[in-house]
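Data block below; observations after.
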2 protein chains.
Amino acid sequence: MNVMNDSPRRKELTRLAAQLFVQEGFDRTTVRMLAQEMGIKSGSLFHHFRDKQEILAAVIEEGTENALGLARAALDQCDRNPEARLHAMARAHLETLLTDRNAHVVALYEWRRLDPEARSHLSHLRDAYEALWEEVIDEALAVGLIQGDRFLVSRFVMGALNWTVRWYDPLGERSPEDLARELIAMITRPA
Amino acid sequence: MNVMNDSPRRKELTRLAAQLFVQEGFDRTTVRMLAQEMGIKSGSLFHHFRDKQEILAAVIEEGTENALGLARAALDQCDRNPEARLHAMARAHLETLLTDRNAHVVALYEWRRLDPEARSHLSHLRDAYEALWEEVIDEALAVGLIQGDRFLVSRFVMGALNWTVRWYDPLGERSPEDLARELIAMITRPA
DNA sequence: CGTTTACACTAGCGCTTGCTTGGTTGACCC
DNA sequence: GGGTCAACCAAGCAAGCGCTAGTGTAAACG
């Protein structure tokens with residue numbers, strides 16, 4: 001119960017936990033199931049994490065930080081015009097479903113199981129991510145690429161995107177590129 | 001353990017269960033909590049429902065049937081043109097959040113907790129609802145009101161709509177009418 | 001060399017869970 | 001006015017839960 005750092009071992013355990021949380025749900029995943037999946041006994045688990053809650057927080061933190069990093073990188077590398085920026089954000093979002101799908105599903109479905117302190121810490125991360133979106137949506141609104149209420153448009157877009165975890169198959173025919181293009185086409189007016 | 005009908009008492013218990021499932025989540029809602037909320041003892045609960053799973057199924061069934069009925073009624077009463085039909089569907093969807101919000105939240109968040117047989121029964125209901133949507137979206141595509149891939153467009157729209165349960169406040173300023181208009185405006189091309 | 005550190009183990013405590021059992025109550029029915 | 005039946009209760013069982021305490025061990029350190 002001494003460690004709170006981010007050792008490589010802990011990272012790996014977090015990845016395994018994410019998978020189980022998706023399969024079974026947080027509440028139905030017991031510490032014994034987690035331990036077995038990790039190849040250790042249940043007692044040993046509490047050497048790496050203070051309690052079960054902390055495992056959940058670690059999973060969500062990991063996923064959100066990756067998504068945020070990827071989105072920032074995508075914005076840095078793309079053209080400066082609003083349409084390219086919208087496209088880059090959508091593509092980055094869908095690409096994280098390839099690498100961090102489990103963590104994202106957990107973040108969406110098990111958010112309410114976080115205790116208050118973990119939630120407030122993580123909501124800052126999530127707000128930062130959504131702020132990126134609102135920024136590029138604002139730019140698109142400013143030049144008339146999109147029309148409508150700022151608040152509503154961003155909610156609708158976040159909804160369409162977050163919903164993709166329920167049906168998108170990263171191994172299927174459609175690439176993140178395709179989906180991003182289609183989504184942007186749907187919500188933008190022809191120039 | 002004798003009853004499986006839909007007595008008025010059972011309807012009321014189902015409504016209360018929906019509320020608790022939203023507050024606490026299905027797994028964290030104990031049969032004792034349910035019983036207390038209903039003003040009976042935990043043992044008596046199993047006179048009305050075979051087991052805890054059946055309560056969950058009842059909640060989701062009730063909500064989905066209502067949504068389906070409301071959507072059909074809305075389609076019957078509106079104009080025959082594609083835009084009016086899209087609008088009617090969106091408005092009906094948002095209006096169910098006024099009357100059946102709890103059941104809808106449960107259906108979205110706790111779907112995976114259903115056992116296989118309940119799931120297959122309820123997925124028919126849900127498919128019927130989504131089929132209504134795909135129908136009106138097809139009509140809109142046919143006349144060029146919307147453009148894009150049939151499959152992707154309907155997923156994006158379902159996502160934007162289902163996501164509303166996370167942020168929409170039915171008691172706030174915006175009416176279902178407003179939201180529906182804004183959503184349709186976002187995805188349709190000017191004629 | 002002795003000490004510390006990281007990681008794992010065994011064993012189990014105290015509590016809660018979904019559900020069962022066996023029985024009581026009061027309204028209705030012929 | 002005996003029978004039926006939905007509705008409820010008290011009591012508790014077997015299983016499983018998160019987590020703790022105390023110990024072992026092998027590598028790393030000064």
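Atom P of nucleotide C:dT17 and atom CZ of A:Arg28 are separated by 14 Å, given to the nearest angstrom. Distance, A:Phe46 CZ to D:dC17 P: 12 Å, rounded to whole Å. When the P atom of C:dC15 is taken as reference, atom NZ of A:Lys52 falls 19 Å away, rounded to whole Å. A straight line from CG of B:Leu45 to P of D:dA7 spans 13 Å, rounded to a whole angstrom. Atom-to-atom, NE2 of A:His47 to P of D:dG24 comes out at 18 Å; the value is rounded to the nearest Å. Summarising the geometry, the separation between CG on A:Leu34 and C1' on D:dC17 is reported as 13 Å, rounded to the nearest angstrom. In this structure, the CZ atom of A:Arg10 is 14 Å from the P atom of C:dA8, given to the nearest Å. Computed from coordinates, the A:Arg50 CZ to D:dT20 P distance equals 11 Å when rounded to whole Å.
The residue B:Arg9 sits close only to the backbone: its heavy atoms come under 4.0 Å of sugar-phosphate atoms, none of a base.
Contact of A:Arg32 with D:dG16 (side chain to base): no donor-acceptor pair of N or O atoms is detected under 3.5 Å.
Between D:dC8 and B:His48, a contact under 4.0 Å exists linking OP1 or OP2 to a side-chain N or O. Distances shorter than 4.0 Å separate some side-chain N or O of A:Ser44 from OP1 or OP2 on C:dC9.
Judged by the 6.0 Å distance and 45° axis criteria, A:Arg166 is not positioned over the aromatic ring of B:Trp111. The cationic atom of B:Lys52 (NZ for Lys, CZ for Arg) does not lie both less than 6.0 Å from the six-membered ring centre of B:Phe46 and within 45° of the ring axis.
When the nearest nucleotides of DNA chain D are assigned to A:Thr30 and A:Gly43 by heavy-atom distance, the more 5′-ward of the two goes with A:Thr30. Across the interface with DNA chain C, nearest-nucleotide mapping of B:Met33 and A:Leu13 shows A:Leu13 to be the residue nearer the 5′ end.
Side-chain heavy atoms closer than 4.5 Å link hydrophobic residues (I, L, V, M, F, W, Y) into clusters, and following such links, possibly through other members, connects B:Val165 to B:Trp133.
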What verdict does the side chain to side chain donor-acceptor pair (under 3.5 Å) test give for A:Glu54 and A:His48, after you've listed the backbone C-alpha separation in whole Å, the side-chain angles of each residue and the deciding distance to 0.1 Å? CA-CA 10 Å; A:Glu54 195 177 272; A:His48 301 278; over 6 Å; no
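A salt bridge links B:Asp149 with A:Arg174: at least one charged nitrogen is closer than 4.0 Å to a carboxylate oxygen.
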